[in-house]
Amino acid sequence: MKIRNEIKVGVIILISLGLLYFGLNYLKGKDVFGKTIYFYSVYDRIDGLTRDNPIMLNGAKIGRVSDVQLMPDKGNKILVKMEIQLEGLLVPDSTKAIIVNQDLLGSKAINLEFPQV
């Protein structure tokens, strides 16, 4: 059975688009096949926190900031969407997400502090 050239080109384009999608997500630091959990936090000030800043737990990177939105209807508070990529992490309800300086140059990170038991 002979396969027409149009079908070959179509299959190659579909494979190329799939590789492009996975490659771009890999370069962005997203885990395409892993389970991702999202948490939200509301702040009055974020002092330079932007997308892709790390989420830290005990000094280890466990995620990243995936979105920052201004909420004008809530008194100009800022909603931060955190993407946690560590599977099996149990986050208690009273966990504090504190914005900290990550290094001497002033880049920001969010440090998760679990409540003391």
Side-chain angles (χ1 to χ4, degrees):
M1 181 173 154
K2 186 175 180 181
I3 299 176
R4 294 179 21 192
N5 285 338
E6 292 87 2
I7 294 175
K8 290 179 188 177
V9 170
V11 169
I12 289 174
I13 288 175
L14 286 176
I15 291 172
S16 299
L17 288 175
L19 288 174
L20 179 68
Y21 172 76
F22 289 116
L24 287 176
N25 282 328
Y26 174 75
L27 290 175
K28 288 180 185 178
K30 294 182 182 178
D31 190 9
V32 180
F33 297 110
K35 184 177 178 184
T36 302
I37 302 170
Y38 294 100
F39 291 99
Y40 296 89
S41 185
V42 177
Y43 296 97
D44 292 326
R45 296 179 50 136
I46 57 172
D47 296 326
L49 185 76
T50 59
R51 288 184 59 170
D52 296 326
N53 284 129
I55 308 293
M56 309 294 281
L57 176 65
N58 296 334
K61 181 180 175 185
I62 61 166
R64 67 181 187 94
V65 175
S66 62
D67 195 18
V68 176
Q69 293 180 355
L70 182 66
M71 299 187 307
D73 56 337
K74 303 285 185 189
N76 290 331
K77 295 204 183 272
I78 300 167
L79 178 70
V80 175
K81 183 178 179 183
M82 297 178 280
E83 180 179 306
I84 306 296
Q85 299 160 343
L86 185 63
E87 291 186 35
L89 178 68
L90 299 175
V91 179
D93 288 339
S94 58
T95 300
K96 293 180 183 178
I98 301 171
I99 299 174
V100 295
N101 286 330
Q102 186 179 9
D103 54 20
L104 294 175
L105 298 176
S107 59
K108 301 294 182 180
I110 294 180
N111 189 22
L112 296 181
E113 290 185 3
F114 288 172
Q116 299 295 328
V117 179

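Within 6.0 Å of the OH atom in Tyr26, the count of heavy atoms belonging to other residues, nucleotides or ligands does not exceed 12.
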N/O donor-acceptor pairs under 3.5 Å from side chains in residues 109-117, not counting sequence neighbours:
none

Below 3.5 Å, can you tabulate the donor-acceptor pairs from side chains in residues 9-20 to any protein atom, sequence neighbours excluded?
from	atom 1	to	atom 2	distance (Å)
Ser16	OG	Ile12	O	2.8

Could you list the donor-acceptor pairs under 3.5 angstrom formed by side chains in residues 72-79, with sequence neighbours left out?
from	atom 1	to	atom 2	distance (Å)
Lys77	NZ	Asp44	OD1	2.4

Donor-acceptor contacts under 3.5 Å from residues 49-57 side chains, at least two apart:
from	atom 1	to	atom 2	distance (Å)
Thr50	OG1	Asn53	OD1	3.1
Arg51	NE	Ser66	O	3.2
Asp52	OD1	Arg64	NH1	2.4
Asn53	OD1	Thr50	N	2.6
Asn53	ND2	Lys108	O	3.2

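Other residues sharing the hydrophobic cluster of Val100, ordered by chain and number and joined by side-chain separations under 4.5 Å: Ile98.
For the side chain to side chain donor-acceptor pair (under 3.5 Å) test, no residue two or more places apart in sequence or in another chain qualifies with Gln102. Every residue two or more places apart in sequence or in another chain that forms a side chain to side chain donor-acceptor pair (under 3.5 Å) with Tyr21 is listed here: Asn25. Residues that satisfy the salt bridge (charged side-chain N to carboxylate O under 4.0 Å, His left out) test with Asp93, not counting sequence neighbours, are absent from this structure. With sequence neighbours left out, the side chain to side chain contact (heavy atoms under 4.5 Å, CB included) criterion links Asp103 to Leu105, Ser107.
Closest approach of Met82 to Ser41, counting heavy atoms only: CE-CB, 3.8 Å.
By the 4.5 Å heavy-atom criterion applied to side chains, Glu83 and Gln85 are counted as neighbours.
Cluster membership for Val80 and Met71, using ILVMFWY side-chain heavy atoms within less than 4.5 angstrom, is not shared.
Within the structure, the salt bridge (Lys or Arg N to Asp or Glu O under 4.0 Å) test picks out the following pairs touching residues 4-23 (sequence neighbours left out): Arg4-Glu6.
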